[in-house]
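A short write-up of the structure that comes next.
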Amino acid sequence: MRRIVLPLLAMVFVALAVPRGDASAIVPVNFTRGTVSGAGFATAYPTTLEVGPDGRLYVADGSGVIQALTLDANTKAVTAVEAITTATDLQEVYGLAFDPADASSPPAIYVTNTVSGFGDAGQAPAGSYPGKVTKISGAGYATREDIITGLPVSNSGHQANGLAFGPDGRLY
């Protein structure tokens, strides 16, 4: 098993020591770096991660695999892994988001995914628009619905990336 260091998993603490009226002051940010490993977790090319409303860490990779990791509260070691998608379900996942207003269980996952190719035999034809946003939901995450399709991509690494729900409840 390969151990993957995910610095984005770090807990971030911001010291709010900015004096009032001094907007130019530097606010220090401290990171705690750790390694995500254990319980059969492996990924070769992680592209995005997000903590879900269920407290699990969702990790996606460039092959289309999404895994939900249960972490030990004290050691942060992976204690369980649920495969959400496989490389045959999706390709090139670069964005994950959860709707904060959705209380479904398991929580629905919104993902950006595409086929840009990068020179392989499955690359997108020139002028095609295979980028999309897919909602993955339901028991066992068996329901997949493309909610936005036709997003432009290129074979040089430009495709749909991050997703986020805004304070207005809209997906951006």
Quiz item: Where do Val81 and Gly40 come nearest, in terms of heavy atoms and distance?
Solution: CG2-C, 4.4 Å
Exercise. Please round to the nearest 0.5 Å and tell me the distance separating atom CD1 of Ile66 and atom OH of Tyr141.
Key: 9.5 Å
Quiz prompt | Single-linkage hydrophobic cluster, 4.5 Å side-chain cutoff, Leu90 and Val133 together | solution = no
Quiz item: For the atom pair CG (Leu171) and CD1 (Ile148), what is the distance rounded to the nearest 0.5 Å?
Solution: 6.0 Å
Practice problem: Take Tyr110 and Leu96 through the test side-chain contact (heavy atoms from CB on, under 4.5 Å) and record every step on the way to the result. | Solution: CA-CA 6 Å; Tyr110 294 81; Leu96 289 171; over 6 Å; no
Quiz item: Going from CG on Leu57 to CG on Leu69, what distance comes out if it is rounded to the nearest 0.5 angstrom?
Solution: 5.0 Å
Quiz prompt | Nearest atoms (heavy-atom pairs only) where Phe98 meets Phe165 | solution = O-CD1, 3.3 Å
Quiz item: side-chain contact (heavy atoms from CB on, under 4.5 Å) between Arg144 and Asp89: does it pass, once the steps are laid out?
Solution: CA-CA 9 Å; Arg144 291 181 180 83; Asp89 297 324; 3.5 Å; yes
Self-check item: Nearest-0.5 Å distance, OG1 of residue Thr79 to CZ of residue Phe41
Solution: 13.0 Å
Quiz item: Honestly curious: do Ile84 and Val111 fall in one hydrophobic cluster under the side-chain, below-4.5 Å linking rule?
Solution: yes
Quiz item: Between atom OG1 of Thr114 and atom CD of Glu92, what is the distance when rounded to the nearest 0.5 Å?
Solution: 6.0 Å
Quiz item: Side chains of Arg170 and Tyr172: donor-acceptor distance under 3.5 Å anywhere?
Solution: no
Exercise. With sequence neighbours excluded, tell me which residues meet side chain to side chain contact (heavy atoms under 4.5 Å, CB included) with Thr143.
Key: Ser137
Exercise. Run through Thr85, Thr112, Asn113 and flag the one making a side-chain hydrogen bond (donor to acceptor under 3.5 Å, both in side chains) with Thr134.
Key: Asn113
Exercise. Ignoring hydrogens and angles, state whether a donor on the side chain of Thr75 or Asp72 is under 3.5 Å from an acceptor on the partner side chain.
Key: yes
Quiz item: Where the side chain of Gln67 meets the backbone of Ala42, is there a donor-acceptor pair that is under 3.5 Å apart?
Solution: yes
Quiz prompt | Joint hydrophobic cluster, Leu49 plus Leu71, side-chain heavy atoms closer than 4.5 Å | solution = yes
Exercise. Grab the two heavy atoms, one from Val93 and one from Gly64, that are nearest each other, plus how far apart they are.
Key: CG2-CA, 3.9 Å
Quiz item: Do you know the tightest heavy-atom contact between Ala68 and Tyr58?
Solution: CB-CE2, 3.5 Å
Quiz prompt | Audit row: Tyr94, Thr48, side-chain contact (heavy atoms from CB on, under 4.5 Å) steps and yes/no | solution = CA-CA 6 Å; Tyr94 290 100; Thr48 186; 5.7 Å; no
Practice problem: Drop me the distance from Glu50's CD to Ile109's CD1, to the nearest 0.5 angstrom. | Solution: 10.5 Å
Exercise. Locate the shortest heavy-atom distance separating Leu163 from Ala97; write the atom from each residue and the value.
Key: CB-CB, 3.7 Å
Quiz prompt | Hydrophobic cluster membership, Tyr45 vs Val65, 4.5 Å side-chain cutoff | solution = no
Practice problem: Considering non-hydrogen atoms only, spot the tightest contact between Ala80 and Ala39 and give its length. | Solution: N-CB, 3.8 Å
